Amino acid sequence: MSVDADTVRRIGRLARIRITEEEVAAFEGEINAILGFVEQLGEVDIEGVEPMTSVTPMQLRRRDDTVTDGGYAEQIVANAPISEDNFFMVPKVVE
Amino acid sequence: MDNLTRLSLKDLRDGLVRKDFTALEATDAYLAAIEAGNDKLNAYVAITADAARSMARASDARIAQGEAGPLEGVPLGIKDLFATKGVHTQAASHILDGFKPEYESTVTANLWRDGAVMLGKLNMDEFAMGSSNETSYYGPVVNPWRGEGSSKALVAGGSSGGSAAAVAAWMCAGATATDTGGSIRQPAAFTGTVGIKPTYGRCSRWGVVAYASSLDQAGSIARSVEDSALMLASMSGFDAKDSTSADLAVPDFAAAVERGVKGLVIGVPREYRMDGMPAEIETLWQQGLEWLKAEGATIRDISLPHTKYALPAYYVVSPAEASSNLARYDGVRYGLRVTGKDITDMYELTRAEGFGREVKRRVMIGTYVLSAGYYDAYYVRAQKVRTLIKRDFEEAFNAGVDAILTPATPSAAFGVADQDMAADPVKMYLNDVFTVTVNMAGLPGIGVPAGKDAQGLPLGLQLIGKPFDEETLFAAGRVIERSAALDLAPAKWW
């Protein structure tokens, strides 16, 4: 499988990365080189093999459903480019 | 006091406890070394001199009271991937401009608990994506090693290039590092240092900027096997804040270092004998086997049939996880923000300006392999192949193999801005061909300097162990270190 210029533009939109028209051809070439390299996975007989979900055998731990953390909104927004009254500020999304 | 920086971590710690010198003197010696050489090597992206001196004074106070921790007063460098409270933490990326976390990573908190001193934050490939430290927003790290009679700048490897260079150039007594596909072991091999990537789950990932969560693991880079064991012991341990942290006691790693290899079975996987492998790598590997045999180990040929599929599977799994993990960099909560005409425009412009080329490429590959219609063909298939890679190792260990010896890298350090590597991303990826299998299977791996190439550049061997058996790696690694008896001091030019 390989990608064309339109697919590169579409992936850029899905990934929320602006790709300029000048960059499209270079990304197309590089992504196809990598996809070409991973193509060899098609040779492997994976019949009846379970996909890995955890690299070490473990059960996901559970804990009581109680609040154990929080109460420091000012720390949460401390690194925000723009914040006001402990809220993150973004461009208007709803009219 | 140049000589203090030349001490091993172990001797430095012992000298501090004996009060031969103070922690402040040791820290000042390292700060002077950084001041003098960092412009040339570019290993540190932030130097925290004042904080280091106040940590050192606190260490001196604890030593005076007889309350010294296991790493009391030892000056360390910290990879820029670890969150350090109130201190530069940017994963060497433009998109995290100005980010100073309000919290401390568990691994670094463990080091400070044990008395260590932080000198600053170390350069790395952006978001740990790279094998040459050239994808850093702060520019490449330069290897303190040069070919004999050459002044050509060589890479220090990646992604933990700053960690490896700082340790090799006596700019810290040891460094934290992380390894997703080889990012501890490959730079260690390129700089004549020892790098350990422990078993997945041994060190907490909490507060470590995420790249590919099912593969990422913290570890150490140090100047000897014993030093790396001492550092790893402090970094490790169960952490309820990381859901994949292993709830196991941390062994006394340093106690295992002189255990030897008598009676151990060392596996030699035939699939690691790659076409076109340089003769000096083959010779180094044979030499390593001879050393282990001479100390009483049994050498056994083994087969790990899915080895060649590890790297392609990695380049599906890791970008997929990266595309998800890096979705958080949106210009809203931290770091860089580029204003746009609406919110989507802001996201797209921020990520276009904030991410470097390699990061964009991997996020886009990940987005593609996870997109509708391709998920089964790429991602699910790669995870099935990963099951088979892990099974290969399990079968070898179940048949009685205690550890596996392989080369660490296909070559010694290459030049900064190498044209071949720049032209073909896959060529750069092949640097990790011997190390990536270990991450795919979640196993521990150690890189130990074992020889030099024709130009006098260091070459490393890798030992791969059973899950949570880092001790055998330290023991066997020490045998290689002792047998090789290399002079691992690069000629100082910086």
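Here the structure is a predicted model, which is why all the values come from computation and not from measurement. By convention in this document, chain letters (A, B, ...) are assigned in the order of the sequence lines, proteins followed by strands, and residues within each chain are numbered from 1.
Contact of B:Leu215 with chain A is not made at all, since no heavy-atom distance falls under 4.5 Å. For B:Tyr429, the part lying near chain A is the side chain, with the backbone staying farther off; criterion is any non-hydrogen pair under 4.5 Å. Proximity to chain A (any heavy atom under 4.5 Å) is shown, for B:Met364, by both the backbone and the side chain. Of the two parts of B:Lys308, the backbone and the side chain both hold a non-hydrogen atom closer than 4.5 Å to a non-hydrogen atom of chain A. Heavy atoms of B:Ala313 lying under 4.5 Å from chain A belong to its backbone as well as its side chain. Contact of B:Lys390 with chain A is made through the side chain alone, with heavy-atom distances under 4.5 Å.
Geometrically, B:Arg357 engages A:Phe27 in a cation-pi contact defined by less than 6.0 Å to the ring centre and at most 45° from the axis.
When all heavy atoms are compared, the tightest approach of B:Arg337 to A:Val90 is NH2-CA, 3.5 Å. Considering all non-hydrogen atoms of both residues, B:Gly331 and A:Pro81 come closest at O-CG, 3.5 Å.
Under the 3.5 Å distance criterion, the side-chain polar atoms of B:Thr387 are matched with a main-chain donor or acceptor of A:Glu50. Between the side chain of B:Asp342 and the main chain of A:Val93, no donor-acceptor pair closer than 3.5 Å is present. Judged purely by atom type and a 3.5 angstrom limit, B:Arg351 uses its side chain to pair as donor or acceptor with the backbone of A:Arg16.
Of residues 239-247 of chain B, those residues lying under 4.5 Å from chain A by any heavy-atom pair are B:Asp239, B:Ala240, B:Asp242, B:Ser243, B:Thr244, B:Ser245. Heavy-atom proximity under 4.5 angstrom to chain B picks out A:Glu30, A:Ile31, A:Ala33, A:Ile34, A:Leu35, A:Phe37, A:Val38, A:Glu39, A:Gln40, A:Leu41, A:Gly42, A:Glu43, A:Val44, A:Asp45, A:Ile46 from residues 30-46 of chain A.
Using a cut-off of 4.0 Å between Lys/Arg side-chain N and Asp/Glu carboxylate O, B:Asp345 and A:Arg18 are scored as salt-bridged.
In terms of heavy-atom pairs under 4.5 angstrom with chain B, the leader among A:Val8, A:Leu14, A:Ile17 is A:Ile17.
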